[in-house]
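The structure appears below as structure tokens.
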Amino acid sequence: SQQGEEDPQALSIQEGENATMNCSYKTSINNLQWYRQNSGRGLVHLILIRSNEREKHSGRLRVTLDTSKKSSSLLITASRAADTASYFCATDRMDTGRRALTFGSGTRLQVQP
Amino acid sequence: NAGVTQTPKFQVLKTGQSMTLQCAQDMNHNSMYWYRQDPGMGLRLIYYSASEGTTDKGEVPNGYNVSRLNKREFSLRLESAAPSQTSVYFCASSDKKAGHHTQYFGPGTRLTVL
């Protein structure tokens with residue numbers, strides 16, 4: 001089963017608006033990462049938040065992590081048409097014993113110019 | 001510095017045919033991974049290699065085999081392709097920095113099995 005579940009599955013906003021995507025997971029984690037995928041391309045790492053961190057910023061990205069609720073959110077401020085992509089959360093789980101990430105099903109973001 | 005490269009980019013197979021997907025990375029990473037991505041879904045781990053000479057099963061290994069040829073190369077083989085293996089396949093690599101793994105992905109191979 002998918003460890004991470006993103007919400008919403010799809011999001012359409014106007015350029016300049018903020019976009020918020022949420023991710024829930026089920027097991028204890030070492031860290032949580034967000035990746036971006038442009039149509040027909042591979043995934044690109046955006047930001048990593050450790051399990052002992054609550055909030056992290058990188059440019060127009062803001063990530064929060066609530067380990068008590070097993071959830072994370074990704075906020076993209078002042079969105080641009082170029083932000084149109086799918087966004088995936090990925091967890092570095094403590095329970096599997098393998099050094100591999102578990103990906104959610106993604107949020108498809110459409111930013112209208 | 002090409003990062004992670006994959007060949008081929010596209011492939012069409014008939015049921016029962018075999019093929020090998022190639023992956024190479026030039027970042028001197030220890031760990032490499034093979035994922036599949038089906039429409040509307042996230043990535044599912046097929047196999048991974050934590051270091052040269054080791055390979056381990058992921059979530060969906062059935063129907064696949066892998067070879068970690070050397071530190072740079074990690075190949076995925078379908079011995080007898082089935083329509084259920086129609087998917088986009090991504091290779092990734094990572095190395096531990098500051099105690100964490102961040103993955104770098106190739107552009108993908110789009111495979112159709114008829």
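Throughout, a chain's letter reflects where its sequence line sits, starting with A, and its residues are numbered from 1.
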| message | Is B:Gln6 in contact with chain A via its backbone, its side chain, both, or neither, using a 4.5 Å heavy-atom distance? | response | neither
| Tell me, side chain or backbone of B:Tyr104 under 4.5 Å from chain A's heavy atoms, or both, or neither? | neither
| query | Which pair of heavy atoms, one from B:Gln103 and one from A:Gln33, lies closest together, and at what distance? | reply | N-OE1, 4.4 Å
| field | Spatial distance of atom CG (A:Leu101) from atom OH (B:Tyr48) [nearest 0.5 Å] | value | 11.5 Å
| query | In terms of hydrophobic clustering (I, L, V, M, F, W, Y; side-chain heavy atoms under 4.5 Å; direct or indirect links), are B:Tyr35 and B:Val88 co-clustered? | reply | yes
| Is any side-chain heavy atom of B:Phe90 less than 4.5 Å from a side-chain heavy atom of A:Arg41? | no
| task | Treating Ile, Leu, Val, Met, Phe, Trp and Tyr as nodes and any side-chain heavy-atom pair under 4.5 angstrom as an edge, say whether B:Leu111 and A:Leu43 lie in one connected cluster. | result | no
| Interatomic distance, B:Phe105 atom CZ to A:His45 atom NE2 [nearest 0.5 angstrom] | 10.0 Å
| Approximate separation, where rounding is to 0.5 Å, of A:Tyr35 OH and B:Leu43 CG | 10.0 Å
| query | If two hydrophobic side chains count as joined below 4.5 Å and joins carry through other members, does B:Val60 share a cluster with A:Phe88? | reply | no
| Residues in side chain to side chain contact (heavy atoms under 4.5 Å, CB included) with B:Thr54, at least two apart? | B:Ser49, B:Ala50, B:Ser51
| message | Using a 6.0 Å cut-off, check whether atom CZ of A:Arg80 has over 12 heavy atoms from anything other than its own residue. | response | no
| request: Group every Ile, Leu, Val, Met, Phe, Trp and Tyr by side-chain heavy-atom contacts under 4.5 Å, then state whether B:Trp34 and B:Tyr64 land in the same group. | output: yes
| query | Would you say A:Val63 and A:Ile76 are hydrophobically clustered, going by side-chain heavy atoms of ILVMFWY under 4.5 Å? | reply | yes
| field | Heavy-atom contact with chain B under 4.5 Å, split by part of A:Leu48 | value | side chain
Can I get a per-line list of side-chain donor-acceptor pairs under 3.5 Å for residues 106-113 of chain A, giving both atom names and the distance, sequence neighbours left out?
residue, atom, partner, partner atom, Å
A:Thr107, OG1, A:Pro8, O, 2.5
A:Gln112, NE2, A:Ser12, OG, 3.4

| query | If you round to the nearest 0.5 Å, how far is CG of A:Asn31 from OG1 of B:Thr102? | reply | 7.5 Å
| field | Under 4.5 Å from any heavy atom of chain B - which part of A:Gln9 | value | neither
| field | Separation between CD of B:Gln37 and OG of A:Ser86, rounded to the nearest 0.5 Å | value | 7.5 Å
